[in-house]
Amino acid sequence: MNLSEYRSKELIAQFGVPIPQGRFAQTAAEAEARARELSAKKYVVKAQIAAGGRGLAGGIKFAATPSQVSDEAGRLIGTKLVTEQTGKDGETIAGVYVEEAVDIADQAYASFVLDPKTGAPTLLASAKGGVAFEELARMDEGAVQSLELSADTANLSKFLEKLGLSKVDALASLLKKAKTAFLENDLLLLEINPLALTKSGDWLAVDAKITLDGNALFRHPALEGLSDGETMTANERAAHENEINFVKLDGNIGVVVNGAGLGLATNDMIIDAGGRPANFMDIRTTATSFQIAKGVELLLEDPQVKAILLNVHGGGMTVCDTVAEGVAFAYSRSDRKLPLVARLAGQNEDWARKILKDRMLPVESHPSISQAIAAVVAKSSGRAV
């Protein structure tokens with residue numbers, strides 16, 4: 001779940017990370033009023049969506065006066081912004097962040113992530129930052145360097161010096177505070193871009209993006225409230241309300257899976273087989289068949305999805321027939337009868353296969369996941385199996 005810029009900045013500022021002064025507004029009149037509250041000579045009006053790439057897509061505007069802030073906010077609020085990260089449908093701009101414009105002498109990039117191999121907190125950094133950073137990183141693999149962060153971060157300043165950055169002690173101090181925010185809130189991502197060195201010699205987090213770990217929110221109830229209403233698309237929210245973790249992707253194979261690890265592995269295998277998953281799905285152990293049906297309906301309603309893969313390991317609190325019942329409910333309520341490929345293993349697998357067959361779903365079952373993936377990739381591309 002991604003936080004918008006102003007929410008991300010609110011969070012890191014609590015840990016001492018310096019940010020430009022700014023205010024959130026939901027109307028043009030409110031944006032003008034917020035601008036008058038700032039002691040600024042120039043202003044930036046930033047569309048607030050839970051995705052990056054706003055600058056290149058026209059979501060960041062400059063204004064010289066509070067009245068111009070009102071004009072720019074009025075042109076942004078209520079419209080849809082389409083960036084590389086939103087998908088073709090874009091996201092509706094519900095509000096703007098009015099911020100003092102910063103005189104930037106230099107820009108860098110920094111983000112904190114968990115290393116997928118070791119699980120260790122890792123800093124990714126580059127001496128180049130700004131709106132064109134992602135394109136730069138794609139073109140130059142050496143543009144971004146990584147540093148596994150130890151408890152004392154004693155090697156941080158040396159790492160920053162090797163990148164060619166200046167005022168490394170002040171920058172290291174900022175990043176240590178950001179690291180504390182990352183660790184203490186169990187974040188999946190904390191990205192600062194641009195990390196700006198002002199002409200007065202101060203490092204500031206001019207933009208920030210945070211990705212929350214939904215599985216860790218029970219330890220951080222305040223963050224759950226912080227994320228309400230802005231971190232999820234309508235489909236993700238509907239899935240969340242029905243005990244399903246769901247993320248929309250850009251492929252054409254709908255994926256129905258119980259378990260986050262199994263879901264990630266399934267998507268990886270689809271890609272390795274030449275297919276493209278349309279989503280990530282993790283059916284929680286508390287989901288009922290009716291709630292599972294809602295998740296499947298999201299796939300049946302997606303015109304991009306051409307076939308659905310059902311990969312279920314029955315055991316514990318989620319058994320195969322519960323998922324099969326949910327799939328059958330969804331198909332019974334939908335006019336789209338997409339090809340369904342099923343791999344069912346574990347508790348009540350035979351009964352689940354019988355449910356799918358007796359309800360006359362367009363299903364074929366395979367004993368192994370590799371066979372099932374080969375079949376669904378073929379069906380999604382229109383090839384005969």
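These figures come from a predicted structure and were not determined experimentally.
- Remark: aromatic rings of F62 and Y43 are distant, center separation not under 6.0 Å.
- A donor-acceptor contact closer than 3.5 angstrom is absent between the side chains of N258 and T318.
- Residues in residues 81-110 take part in these ring pair (Phe, Tyr, Trp, His ring centres under 6.0 Å) pairs, two or more places apart or across chains: Y109-F133.
- Within a 6.0 Å sphere centred on NZ of K128, heavy atoms belonging to other residues, nucleotides or ligands number 12 at most.
- Residues L195 and L171 form a side-chain contact, since some pair of their non-hydrogen atoms from C-beta on lies under 4.5 Å apart.
- V327 is not connected to I355 by any chain of hydrophobic side-chain contacts under 4.5 Å among Ile, Leu, Val, Met, Phe, Trp and Tyr, and they are in different clusters.
- Checked by atom type, the side-chain pair E148/T122 shows no donor-acceptor distance below 3.5 Å.
- For the atom pair L262 CG and T266 OG1, the distance stands at 4.0 Å (nearest 0.5 Å).
- Here the shortest heavy-atom pairing between P362 and L338 reads CG-O, 3.3 Å.
- W351 and L356 are members of different hydrophobic clusters when ILVMFWY side chains are connected at heavy-atom separations under 4.5 Å.
- Within the 3.5 Å criterion, the main-chain N or O of Q26 finds a donor-acceptor partner in the side chain of E30.
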Please walk me through it: do V305 and N252 pass side-chain contact (heavy atoms from CB on, under 4.5 Å)?
-> CA-CA 4 Å; V305 176; N252 60 2; 5.9 Å; no

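- Within the 4.5 Å cutoff, the side chain of T288 has heavy atoms near those of the Q291 side chain.
- In this structure, I244 and M281 have side chains that are in contact, with non-hydrogen atoms separated by less than 4.5 Å.
- In terms of heavy atoms, N242 sits closest to K294 at ND2-CG, 3.4 Å.
- Between E32 and V69, every side-chain heavy-atom pair lies at or beyond the 4.5 Å cut-off.
- One finds the CG atom of N267 at 11.0 Å from the CE atom of M269 (value rounded to the nearest 0.5 Å).
- Around CD of E37, the count of heavy atoms belonging to other residues, nucleotides or ligands within 6.0 Å exceeds 12.
- Put simply, the side chain of L187 does not reach to within 4.5 Å of the side chain of D213, judged on heavy atoms.
- One N or O on the side chain of E349 and one on the backbone of G346 form a donor-acceptor pair closer than 3.5 Å.
- In terms of heavy atoms, G275 sits closest to I253 at CA-CD1, 4.2 Å.
- In the hydrophobic cluster analysis, where Ile, Leu, Val, Met, Phe, Trp and Tyr join through side-chain heavy atoms closer than 4.5 angstrom, L310 is grouped apart from F329.
- E184 places no side-chain N or O within 3.5 Å of a backbone atom of T180 that could act as its donor or acceptor partner.
- Minimum interatomic distance between A181 and N185 (heavy atoms only, all atoms of both residues): O-ND2, 2.8 Å.
- Annotation: D358, atom CG; neighbour count of heavy atoms from other residues, nucleotides and ligands within 6.0 Å is above 12.
- In this structure, the separation between OG on S111 and CD1 on I210 is 12.0 Å, given to the nearest 0.5 Å.
- One distance of note links CG of L197 with CD of Q107; it measures 10.5 Å at 0.5 Å rounding.
- Under the 4.5 Å side-chain criterion, counting only non-hydrogen atoms from C-beta, I192 is not in contact with D207.
- Judged by distance alone, the side chain of R36 and the main-chain N or O of P66 form no donor-acceptor pair under 3.5 Å.
- At a threshold of 4.5 Å between side-chain heavy atoms, the hydrophobic network of Ile, Leu, Val, Met, Phe, Trp and Tyr places F112 and L156 in one connected group.
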Please test D186 against H220 for side-chain hydrogen bond (donor to acceptor under 3.5 Å, both in side chains), starting from the C-alpha separation and ending with a verdict.
-> CA-CA 9 Å; D186 294 313; H220 309 283; 2.7 Å; yes

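- Taking every heavy atom of both residues into account, G251 and Q304 meet most closely at O-NE2, 2.8 Å.
- The main-chain N or O of L300 is found under 3.5 Å from a side-chain atom of R336 such that the two form a donor-acceptor pair.
- Using a 4.5 Å cut-off on side-chain heavy atoms (C-beta onward), L147 and N155 make contact.
- No side-chain donor-acceptor contact under 3.5 Å links S334 and E297.
- The minimum heavy-atom distance linking I270 with V377 is given by the pair O-CG2, 4.3 Å.
- Put simply, the side chain of S173 never gets that close to the backbone of D169: no donor and acceptor are under 3.5 Å apart.
- Note: L81 CG to I93 CD1 = 4.5 Å, rounded to the nearest 0.5 Å.
- Atom NZ of K354 is surrounded by 12 or fewer heavy atoms from other residues, nucleotides or ligands within 6.0 Å.
- Put simply, the side chain of K46 reaches to within 4.5 Å of the side chain of Q48, judged on heavy atoms.
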CA sep, side-chain torsions, deciding dist, call: Q371, S368, side-chain hydrogen bond (donor to acceptor under 3.5 Å, both in side chains) | CA-CA 5 Å; Q371 292 172 332; S368 74; 3.2 Å; yes

Stepwise, does the side-chain hydrogen bond (donor to acceptor under 3.5 Å, both in side chains) test hold for T198 with D103?
-> CA-CA 6 Å; T198 67; D103 289 327; over 6 Å; no

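- Distance alone, capped at 3.5 Å, places no donor-acceptor pair between the E325 side chain and the T322 backbone.
- Under a hydrophobic clustering in which Ile, Leu, Val, Met, Phe, Trp and Tyr are joined whenever their side-chain heavy atoms come within less than 4.5 Å, directly or via other members, Y6 and V44 fall into different clusters.
- Membership of the apolar cluster around L249 extends to V247, L264, F280, as traced through chained side-chain contacts below 4.5 Å between ILVMFWY residues.
- Panel note: side chain E100, backbone Q21; a donor-acceptor pair is recorded below 3.5 Å.
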Steps toward side-chain contact (heavy atoms from CB on, under 4.5 Å) verdict (R75, K61) = CA-CA 10 Å; R75 282 189 278 267; K61 304 293 185 180; over 6 Å; no

Report the C-alpha separation of T211 and L3 in whole Å, then their side-chain angles, then the decisive distance to 0.1 Å, and conclude whether the side-chain contact (heavy atoms from CB on, under 4.5 Å) test is met.
-> CA-CA 6 Å; T211 300; L3 294 184; over 6 Å; no

side-chain contact (heavy atoms from CB on, under 4.5 Å) assessment of V312 paired with V257 = CA-CA 6 Å; V312 176; V257 180; over 6 Å; no

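- The CZ atom of R54 sits 7.0 Å away from the CD1 atom of I49 when rounded to the nearest 0.5 Å.
- In this model, a donor atom of one side chain and an acceptor atom of the other lie less than 3.5 Å apart for H240 and R284.
- Distance alone, capped at 3.5 Å, places no donor-acceptor pair between the T92 side chain and the A94 backbone.
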